[in-house]
Amino acid sequence: MPFYNLSITSKKIIVTRLICFFWLIAKIISWKVWLADRLFPIVPPLNFLFVPSIIHLVLFIFSLAAIFALLIFPSNRQLQPGVIIIEVLSCVLDQNRWQPWEYEYIFIILALVINYKNEKTAIASIAFIFISIYFFSGLGKMNPLFSQYLRNVIVNLGIFHASDSHINNMLLYHAGYFLGIIEILLSIGLLFKRTVKATALFLILMHLCIIVIFGPLGINYDKIIWPWNIAMIPCLYAFFISNHPVLISIQSIKPGWNKLIILFFGILPFLNFFGYWDYFLSSSLFSYKSPNMYVYIHNKEASKELQPYFSLLKNKLSDSNAALINIREWSFKEIQSPAYPELRVYKSIKQQLLKRYPGMDATFIVYPYFNEQKNSKELK
């Protein structure tokens, strides 16, 4: 079985090619997020980074070309830092490009660059990134909003014959916490020789379930996550199931610049729980903790070009006479990616919309993603 007997070099080449291939697919799916010619606002972290749209286009073309070249020549030591530089330059022009998969892919290539003399350490650092993502994804799900979401899904779909009368059932009420704990335990299972292969198999099954649920055979939603979930399946196999599974320790990944990977994937995500680090940079995936924003437009005539993104649904906060734009829905519909869910981004979107449509007479409401009525507040 050639794909079972993989050397360290083979693992490195395989993960590089897999990442580049699915990176290209994600970029093509979300092509509008990388350009400036769109209605959804560009949100750079600093005002001086508002640049002409041609710069966005050139960087996007260079990005596709560089990633494709690295796909063909995965060990090229000039292409690897080139890809990182192009992606960072592109991302600083719009925070909506700071997607979890983009963040992960950049750091995977960085692990190859800083460990070009030591393939074993490079592979261990990439494995650490994978494990960290699962750990913090599980930790992020351990909150009442995710449990509320999952409970409602179970009740509405009639899974396990659940009904409203079961809401107070402890097992149903805490189902979200159980899933979070399972994901945390699976991430820990990747650390030990006795459990690593079985754990990787369970994680592969998890990704397959996500693909079925969110893919064309399921609800056909959030297609930008499809490439990442598919990519993780062969990555998990190559790293943790094939011969000589990658086992990491702090000693194996701490030398030199690897401390950056430990910092960004092992330490800073904890700060998200105290409001000091971003959700998407903390692997807070489907945690439903991040905020969303609604825009209530009282003068529809002043913003006619936004009408394709008016929501057909009303919520409990809705003014029946106002047009409603759900920022998350708008971003998915136009740029095929979620808006970057941070208050500073929403404030910038608000400022740009008011400037672009001065007569729109709008109210901007921010609330936790799955808890519209409780804790909602007007964005000032």
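Treat the numbers as computed from the prediction; the structure is a model and nothing was measured. FYI, side chains are in, hydrogens and waters are out, and symmetry mates aren't considered; it's all heavy atoms of this structure.
- With rounding to the nearest 0.5 angstrom, the NZ atom of Lys350 is 8.5 Å from the CE atom of Met293.
- Side chains of Asn258 and Asn115: a donor on one and an acceptor on the other come within 3.5 Å.
- Atom CZ of Phe202 has 12 or fewer neighbouring heavy atoms from other residues, nucleotides or ligands inside a 6.0 Å radius.
- Judged purely by atom type and a 3.5 angstrom limit, Arg328 has no side-chain atom pairing as donor or acceptor with the backbone of Asn292.
- Here the closest heavy-atom approach between residue Thr9 and residue Glu119 is recorded as OG1-OE1, 2.6 Å.
- No donor-acceptor pair under 3.5 Å is formed between the side chain of Gln99 and the backbone N or O of Ser337.
- Residue Phe273 qualifies as enclosed at atom CZ: its count of foreign heavy atoms under 6.0 Å is above 12.
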For this session: Apply ring-ring contact (aromatic ring centres under 6.0 Å, His included) to Tyr340 and Phe280, showing your working.
Result: CA-CA 8 Å; Tyr340 197 69; Phe280 277 7; 5.5 Å; yes

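- Cluster annotation: Ile230 is not connected to Leu205 through the hydrophobic network of ILVMFWY side chains, with a link wherever side-chain heavy atoms come within less than 4.5 Å.
- Distance alone, capped at 3.5 Å, places no donor-acceptor pair between the Ser90 side chain and the Ile86 backbone.
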Exercise. Should Val33 and Arg38 be marked as a side-chain contact (heavy atoms from CB on, under 4.5 Å) after you check the CA-CA gap, both sets of side-chain angles, and the distance that decides it?
Worked result: CA-CA 8 Å; Val33 80; Arg38 68 189 200 214; 4.2 Å; yes

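- When side chains are defined from C-beta on, Asn76 does not count as touching Gln80, because their heavy atoms never get closer than 4.5 Å.
- By the 4.0 Å N-to-carboxylate-O rule, Glu183 lies close enough to Lys141 to be salt-bridged with it.
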Problem set entry | From CA spacing to verdict: ring-ring contact (aromatic ring centres under 6.0 Å, His included), Phe40, Trp330 | CA-CA 8 Å; Phe40 197 86; Trp330 176 11; 5.0 Å; yes

For this session: Please step through side-chain contact (heavy atoms from CB on, under 4.5 Å) for the pair Ile233 and Ile211, ending with a clear verdict.
Result: CA-CA 11 Å; Ile233 293 172; Ile211 293 165; 3.9 Å; yes

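- Atom NZ of Lys223 sits in a sparse spot, with 12 or fewer heavy atoms from other residues, nucleotides or ligands closer than 6.0 Å.
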For this session: Take Ile349 and Ile327 through the test side-chain contact (heavy atoms from CB on, under 4.5 Å) and record every step on the way to the result.
Result: CA-CA 9 Å; Ile349 291 174; Ile327 291 297; 4.2 Å; yes

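- With hydrogens and angles disregarded, no donor-acceptor distance shorter than 3.5 Å links the side chain of Arg77 to the backbone of Tyr116.
- Hydrophobic clustering, with ILVMFWY side chains joined whenever heavy atoms are under 4.5 angstrom apart, keeps Ile13 apart from Ile8.
- The CG atom of Leu271 lies 11.5 Å from the CG atom of Leu281; values are rounded to the nearest 0.5 Å.
- Both Leu208 and Ile224 are members of a single hydrophobic cluster when ILVMFWY side chains are connected at heavy-atom separations under 4.5 Å.
- At least one donor-acceptor pair under 3.5 Å links the side chain of Arg17 to the backbone N or O of Ile72.
- Aromatic rings of His207 and Tyr134 (six-membered ring for Trp) have centroids within the 6.0 Å cut-off, being under it.
- Between Leu39 atom CG and Gln352 atom CD the span is 12.0 Å, to the nearest 0.5 Å.
- Between the CG atom in Asn229 and the CZ atom in Phe214 there is a gap of 9.0 Å [rounded to 0.5 Å].
- Within 6.0 Å of CZ on Phe332 lie more than 12 heavy atoms contributed by other residues, nucleotides or ligands.
- Phe60 and Val51 fall within a single hydrophobic cluster, where Ile, Leu, Val, Met, Phe, Trp and Tyr side chains are chained together by heavy-atom contacts under 4.5 Å.
- Taking every heavy atom of both residues into account, Phe22 and Pro227 meet most closely at CD2-O, 3.5 Å.
- Side-chain contact between Asn96 and Ser331 is absent, with no heavy atoms from C-beta onward closer than 4.5 Å.
- Environment of CG in Asn220: crowded, with over 12 heavy atoms of neighbouring residues, nucleotides or ligands closer than 6.0 Å.
- Taking OH of Tyr294 as the reference point, atom CG of Leu324 lies at 6.0 Å (rounded to 0.5 Å).
- Ring centers of Phe364 and Tyr346: at least 6.0 Å apart, outside the cut-off.
- For Phe50, the CZ atom counts as densely surrounded, since its 6.0 Å shell holds more than 12 non-hydrogen atoms of other residues, nucleotides or ligands.
- Contact check for Lys193 versus Leu247: side-chain heavy atoms found under the 4.5 Å cut-off.
- Put simply, the side chain of Phe240 does not reach to within 4.5 Å of the side chain of Lys197, judged on heavy atoms.
- With hydrophobic clusters built from ILVMFWY side chains whose heavy atoms lie under 4.5 angstrom apart, Trp226 does not share a cluster with Ile28.
- The main-chain N or O of Trp277 is found under 3.5 Å from a side-chain atom of Asn272 such that the two form a donor-acceptor pair.
- Counted within 6.0 Å of CZ on Phe62, heavy atoms from surrounding residues, nucleotides or ligands total 12 or fewer; the atom is thus considered open.
- Judged by distance alone, the side chains of Lys11 and Ser242 do bring a donor and an acceptor atom under 3.5 Å apart.
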For this session: Go through the steps for Val88 and Ile84 under the test side-chain contact (heavy atoms from CB on, under 4.5 Å), then give the verdict.
Result: CA-CA 6 Å; Val88 170; Ile84 294 172; 4.2 Å; yes

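- Looking only at distances, a side-chain donor or acceptor of Ser282 sits under 3.5 Å from a matching main-chain atom of Asp278.
- For the atom pair CZ of Phe178 and CG of Leu185, the computed distance is 12.0 Å after rounding to the nearest 0.5 Å.
- Side-chain contact between Ile133 and Met232: absent, with no pair of heavy atoms (C-beta onward) separated by less than 4.5 Å.
- The closest side-chain heavy-atom distance from Trp34 to Ser63 is not below 4.5 Å.
- Looking at Ser303, its side chain never comes within 3.5 Å of a backbone N or O of Leu306 through a donor-acceptor pair.
- In terms of heavy atoms, Ile42 sits closest to Ala36 at CD1-CA, 3.8 Å.
- The shortest heavy-atom contact between Ala322 and His298 is CB-ND1, 3.7 Å.
- Pairing each heavy atom of Asn299 with each of Gly359, the nearest pair is ND2-O, 2.9 Å.
- Side-chain atoms of His56 and Asp37, non-hydrogen and from C-beta on, never get closer than 4.5 Å to each other.
- Taking the six-membered ring for Trp and the full ring otherwise, the centers of Phe107 and Phe265 sit less than 6.0 Å from each other.
- At least one side-chain heavy atom of Ile106 sits less than 4.5 Å from a side-chain heavy atom of Trp23.
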For this session: Apply ring-ring contact (aromatic ring centres under 6.0 Å, His included) to Phe270 and Phe136, showing your working.
Result: CA-CA 8 Å; Phe270 281 110; Phe136 285 105; 4.8 Å; yes

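- Between Ile126 and Val15 the shortest heavy-atom distance is CD1-CG1, 4.1 Å.
- Between Glu342 and Lys347 no salt bridge is recorded (no basic side-chain N to carboxylate O distance below 4.0 Å).
- Between Asp361 and Lys300 there is no salt bridge, since none of the side-chain N atoms of the basic residue sits less than 4.0 Å from a carboxylate O of the acidic one.
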